[in-house]
Structure formats: C-alpha cells, structure tokens
Visitor: 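This is the structure I want to talk about, given as structure tokens.
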Amino acid sequence: LVTWKRNCRRCCLLSYRRDQSKTSKLNCSERITWKYSPVSDPALRIYPVDLGDEGDYTCETANSEGNFLVFSSLTVIVPPTVTLTHDNSKVAVCQASAGKPAADISWIPASNHSSEEEFHHPNGTVTRVSYFGWAKSSFPSVTCLVTHPATNQTLLLDLT
C-alpha cells in the first residue's frame, strides 16, 4: 500500500493497493497524479504546480516489513516579471512584480539616491520596486540587477 496525502483537511489523498492492483483518488485535481506508475515508482507528480499546492505532504507505505512514513514540504517559487523604465523627473524605476519570494534589486553604479517599496499580494507573491535618481549624475547608463531563486536578470537603461 502506498498513500500520498497533503496534511490538511479535505486535501488530496492518492493511494495504490498492490494486492488488488487498485488506485484511488479522493479530492485530487487532474494536476495531481503518479509521476510514472505506482507499481514501479510511487512518486507524486503535481503539474502544473500552483501556489495553492504549497504545504506539507506525507507518503505512507505499508508492506510485510512494516509501515514507513516520509514527510515532504513543497515550497512554490514564482519568478517575478521584471521591468526597467524611467519617469520625467530623472528617476529610473526597476520593478520585480509578483515574485515568490520577493526579488532583490540592486543598481550599477551603486547609489545613495535609491529607494525601495514592497507590495504584498493576497496570493503570497511580492512586488518590489526600486527607484534610482540620476538627476545629479553624469553616468551614461544605469543597470538594474534583479536576483531571485528562479531567475537573475540584468536590465540596462540609457540615460543620455
């Protein structure tokens, strides 16, 4: 017997009973299934993964040698959408939208005239916005560096 379940009420329960060659799904969407075949590899597959899939999962196996539990924690990472623009008051705006976790933003050249804002969305994603004022600088361009576990991006803005 192999059973996968998410540790919450009314969550998906996926099981396979070898002696009866029977699989069952309870409260599972079509996105949640076996990776291959529960006979050869009882790994869980969630595709496409969704922010709501984040949480703790338990795999329980039972055979003639006993019961075995494996606990897994799923963290969903969402890459941000990155933009670099400027406004009329000579401020460059680098925005990393709807990432999870929040992206880090830095500038080349480094500046004491930059500031940042952060917006938390109900779905758990974060938008981070960094502002770089160049009114008093003589740099021909500025580079925004966005660092995130899912992606790193470098955007260049011509200031001339």
Visitor: Any side-chain heavy atom of P101 sitting closer than 4.5 Å to one from V78?
Guide: no

Visitor: For atom CG of D19, is the number of surrounding heavy atoms from other residues, nucleotides or ligands below 6.0 Å larger than 12?
Guide: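 Yes.
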
Visitor: Please give me the minimum heavy-atom distance between V76 and K100, naming the atom from each residue.
Guide: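 Closest pair (atom of V76, atom of K100, distance): O-NZ, 3.4 Å.
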
Visitor: To the closest 0.5 Å, what do you measure between CH2 (W4) and OG (S72)?
Guide: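 Output value for this atom pair is 4.5 Å.
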
Visitor: Show your reasoning for whether side-chain contact (heavy atoms from CB on, under 4.5 Å) applies to D87 and Y131.
Guide: CA-CA 10 Å; D87 64 17; Y131 305 93; over 6 Å; no

Visitor: Within the structure provided, determine whether V129 and V93 are in side-chain contact (heavy-atom separation under 4.5 Å).
Guide: yes

Visitor: Give a yes or no on whether the backbone of I46 and the side-chain of R31 come within a donor-acceptor separation of less than 3.5 Å.
Guide: no

Visitor: Walk me through it: do I32 and Y47 pass the test side-chain contact (heavy atoms from CB on, under 4.5 Å)?
Guide: CA-CA 7 Å; I32 300 174; Y47 184 82; over 6 Å; no

Visitor: Ignoring hydrogens and geometry, is there a side-chain-to-backbone donor-acceptor pair from S37 to V39 under 3.5 Å?
Guide: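 Between the backbone of V39 and the side chain of S37 there is a qualifying donor-acceptor contact (under 3.5 Å).
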
Visitor: Carefully, step by step, assess C94 and F132 under the rule side-chain contact (heavy atoms from CB on, under 4.5 Å).
Guide: CA-CA 8 Å; C94 186; F132 180 98; over 6 Å; no

Visitor: Give a yes or no on whether F139 and I105 share a hydrophobic cluster (residues Ile, Leu, Val, Met, Phe, Trp, Tyr; joining criterion: side-chain heavy atoms under 4.5 Å apart).
Guide: yes

Visitor: Hey, what do you get for CD (E60) to CG (L1), rounding to the nearest 0.5 Å?
Guide: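 Between atom CD of E60 and atom CG of L1 there are 7.0 Å.
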
Visitor: Identify the two heavy atoms, one from C144 and one from V146, that lie closest to each other, and give their separation to 0.1 Å.
Guide: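 What the structure gives for the nearest pair is SG-CG2, 3.7 Å.
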
Visitor: Hey, is E117 close enough to R128 for a salt bridge, meaning N to O under 4.0 Å?
Guide: no

Visitor: Taking T127 for the side chain and A98 for the main chain, is one N or O donor matched with an acceptor at less than 3.5 Å?
Guide: yes

Visitor: Among side-chain atoms of S15 and S24, is any donor-acceptor pair under 3.5 angstrom?
Guide: yes

Visitor: Please check if the number of heavy atoms outside Q20 that lie under 6.0 Å from its CD is greater than 12.
Guide: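 For Q20, atom CD is crowded (more than 12 foreign heavy atoms under 6.0 Å).
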
Visitor: If you compare all heavy atoms of T143 against all heavy atoms of L156, which two are closest, and at what distance to 0.1 Å?
Guide: OG1-CD1, 3.2 Å

Visitor: Does H148 reach the main-chain N or O of A150 with its side chain, forming a donor-acceptor pair under 3.5 Å?
Guide: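 Such a contact is found between H148 side chain and A150 backbone.
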
Visitor: Measure the shortest side-chain to side-chain distance between H86 and L157 over non-hydrogen atoms and say whether it is less than 4.5 angstrom.
Guide: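 A side-chain contact under 4.5 Å exists here.
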
Visitor: Determine whether V2 and P38 make a side-chain contact, defined as any pair of heavy atoms from C-beta on separated by less than 4.5 Å.
Guide: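 They are not in side-chain contact.
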
Visitor: Just do the side-chain contact (heavy atoms from CB on, under 4.5 Å) check on Y57 and F71 with the steps written out, would you?
Guide: CA-CA 6 Å; Y57 292 78; F71 301 98; over 6 Å; no

Visitor: About how many Å separate OG of S106 and CD of E116, when rounded to the nearest 0.5 Å?
Guide: 9.0 Å

Visitor: Could you measure the distance from the CG atom of L51 to the CG atom of N123? Nearest 0.5 Å is fine.
Guide: 5.5 Å

Visitor: For atom CZ of R18, decide whether the heavy atoms of other residues, nucleotides or ligands shown that lie under 6.0 angstrom number more than 12.
Guide: no

Visitor: What is the minimum heavy-atom distance between V142 and P109, and which atoms define it?
Guide: CG2-CD, 4.4 Å

Visitor: How far does OG of S141 sit from CG of D158, to the nearest 0.5 angstrom?
Guide: 6.5 Å

Visitor: Do L14 and V49 belong together in a cluster built from hydrophobic side chains that touch within less than 4.5 Å?
Guide: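 Result: yes, single cluster for both.
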
Visitor: Under 4.5 Å between any side-chain heavy atoms of L44 and W34, yes or no?
Guide: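 Result no, sub-4.5 Å side-chain heavy-atom pair not found.
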
Visitor: Nearest 0.5 Å, what's the OG1-NZ distance between T33 and K35?
Guide: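 T33 atom OG1 to K35 atom NZ measures 12.5 Å (nearest 0.5 Å).
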
Visitor: Please say whether more than 12 non-hydrogen atoms of neighbouring residues, nucleotides or ligands are located less than 6.0 Å from CZ in F119.
Guide: yes

Visitor: Please name the pair of heavy atoms, one in E54 and one in L74, separated by the smallest distance, quoted to 0.1 Å.
Guide: CG-O, 3.0 Å

